[in-house]
Protein chains: 2
Amino acid sequence: MAEKQQECCEVFQIHEEAVQEVLKHMPDENKLYDLAEVFKIFGDSTRIRILYVLFEAEVCVCDLAQLLNMKQSAISHQLKILKQAKLVKSRREGKSVFYSLADDHVRTIINQGMEHVEE
Amino acid sequence: MAEKQQECCEVFQIHEEAVQEVLKHMPDENKLYDLAEVFKIFGDSTRIRILYVLFEAEVCVCDLAQLLNMKQSAISHQLKILKQAKLVKSRREGKSVFYSLADDHVRTIINQGMEHVEE
DNA sequence: CTAACATATGAATGTTTGTTCATATGTCGA
DNA sequence: TCGACATATGAACAAACATTCATATGTTAG
């Protein structure tokens, strides 16, 4: 195998093919970046708590602020992030704006994560 | 309903019971915090890429650094985080340290997230 | 024991991110 | 139209984080 591309450690032969396999199966850079972005959104306890509330009911911003004991502004900012990520949707009714889950995918992902935590 | 606890907006009646239901079904604070912590770990593209490599093969630190085109130090730091979260495990063999997935839960969670991204 | 290699780790740095405050936008009743 | 209420948003600040550099630890061959 003369000079294959340079490796850092000297244990070529073991991984030579494994590395090729890896490169073949890796999704492309952008997709992996997007994936990380999605998880990043779930990676904040305020947003997780918001989503858990929305599991049970469609609620307005002020209800969320009170339930989670946080400033209305903080909740709004987080809802914006969740909405941009298409994880929640909103509906205006008079002065209030009601938020709910965009789809059940959210629930599935969170439940999966919860299973891991509960071990 | 006289004076139930004060609400921010005036639309009590609609949510009064919904709010009670929500509070009943919410996991406790600490569990939600832990859940967010788990997702936070998946919320970085370097770590995601590391995990994707480990989907295919058990590799050493220098292989990872080369595959991902990053400094060995950066990889080590991230591996430490992944290990503390029990998402990967390591095995020393001579001078090298080989990393692999701790269990298949990791794969499930990431696949679930990927499904969401791929829509 | 020493030199060379593989990995780990602490400190420093630049960036990202969540919350707050102040204020703007939007809605409705009077 | 005006005032009160609900929500949204920009700027500012602090905390959290990823990467880098320098260096320490651990391992093997000679």
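Side-chain atoms are counted along with the backbone in the values below, which use heavy atoms only and exclude waters and symmetry mates. Convention: sequence-line order gives letters A, B, ...; per-chain numbering from 1.
D:dT7 atom P lies 12 Å from atom CD of A:Q66, rounded to whole Å. Spacing between atom CD of B:Q84 and atom P of C:dA8 amounts to 12 Å, rounded to whole angstrom units. Separating the CG atom of B:D63 from the P atom of C:dT7 is a distance of 8 Å, rounded to the nearest angstrom. In this structure, A:R91 places its CZ atom 15 Å from C1' of D:dT7, rounding to the nearest Å. Atom NZ of A:K95 and atom P of D:dA6 are 6 Å apart (whole Å). One interatomic measurement links the two molecules: CG of B:L82 to P of D:dC17, which rounds to 14 Å at whole-angstrom precision. Nucleotide D:dA18 holds its P atom 15 Å from the CG atom of B:L68, rounded to whole Å. Look at CZ on A:F98: it is 13 Å from C1' on C:dT27, rounded to the nearest Å.
Not one side-chain nitrogen or oxygen of B:Q78 sits closer than 4.0 Å to the OP1 or OP2 atom of D:dC17. Contact annotation: A:Y99 side-chain N/O to D:dA6 OP1/OP2 distance is not under 4.0 Å. Within the structure, a side-chain polar atom (N or O) of A:K80 is placed less than 4.0 Å from OP1 or OP2 of D:dT9. Checking the phosphate oxygens (OP1, OP2) of C:dT17, a side-chain nitrogen or oxygen of A:K40 falls inside 4.0 Å. Contact annotation: B:R92 reaches the phosphate of D:dT27 (side-chain N/O to OP1 or OP2, under 4.0 Å). Remark: B:R47 is in phosphate contact with D:dA18, judged by side-chain N or O atoms under 4.0 Å from OP1 or OP2.
Rounding to the nearest 0.5 Å places CD of B:Q78 at 10.0 Å from CD1 of B:I41. Considering CD1 of A:I48 and CD1 of A:I110, their distance stands at 4.0 Å, rounded to 0.5 Å.
Two residues, A:M70 and B:A74, neighbour DNA chain C, and the one matched to the more 5' nucleotide by heavy-atom proximity is B:A74. Taking the nucleotide of DNA chain D with the nearest heavy atom to each of B:I81 and B:K71, the more 5' of the two is matched to B:I81.
No donor-acceptor contact under 3.5 Å links the side chain of B:S96 to the base of D:dT27. For B:T46 and D:dT19, a side-chain-to-base donor-acceptor distance below 3.5 Å is absent, hydrogens and geometry of angles not being considered. Between the base of C:dA6 and the side chain of B:Q72 there is no donor-acceptor pair shorter than 3.5 Å.
Within the 4.5 Å cutoff, no side-chain heavy atoms of A:D28 are placed close to those of A:L32.
In this structure, A:H116 and B:H105 have perpendicular ring planes: the angle between them is above 60°, well past the 30° mark.
Under the stacking criterion of a centre-to-centre distance below 5.5 angstrom and an interplanar angle below 30°, B:H77 is not stacked against the six-membered ring of D:dT19.
Counting non-hydrogen atoms under 4.0 angstrom, B:K83 reaches nothing in the nucleic acid.
For the side chain to side chain contact (heavy atoms under 4.5 Å, CB included) with A:V22, the qualifying choice from B:L54, B:D63, B:L64, B:V53 is B:V53, the only one to do so.
Between A:E29 and A:K31 there is no salt bridge, since no side-chain N of the basic residue sits under 4.0 Å from a carboxylate O of the acidic one.
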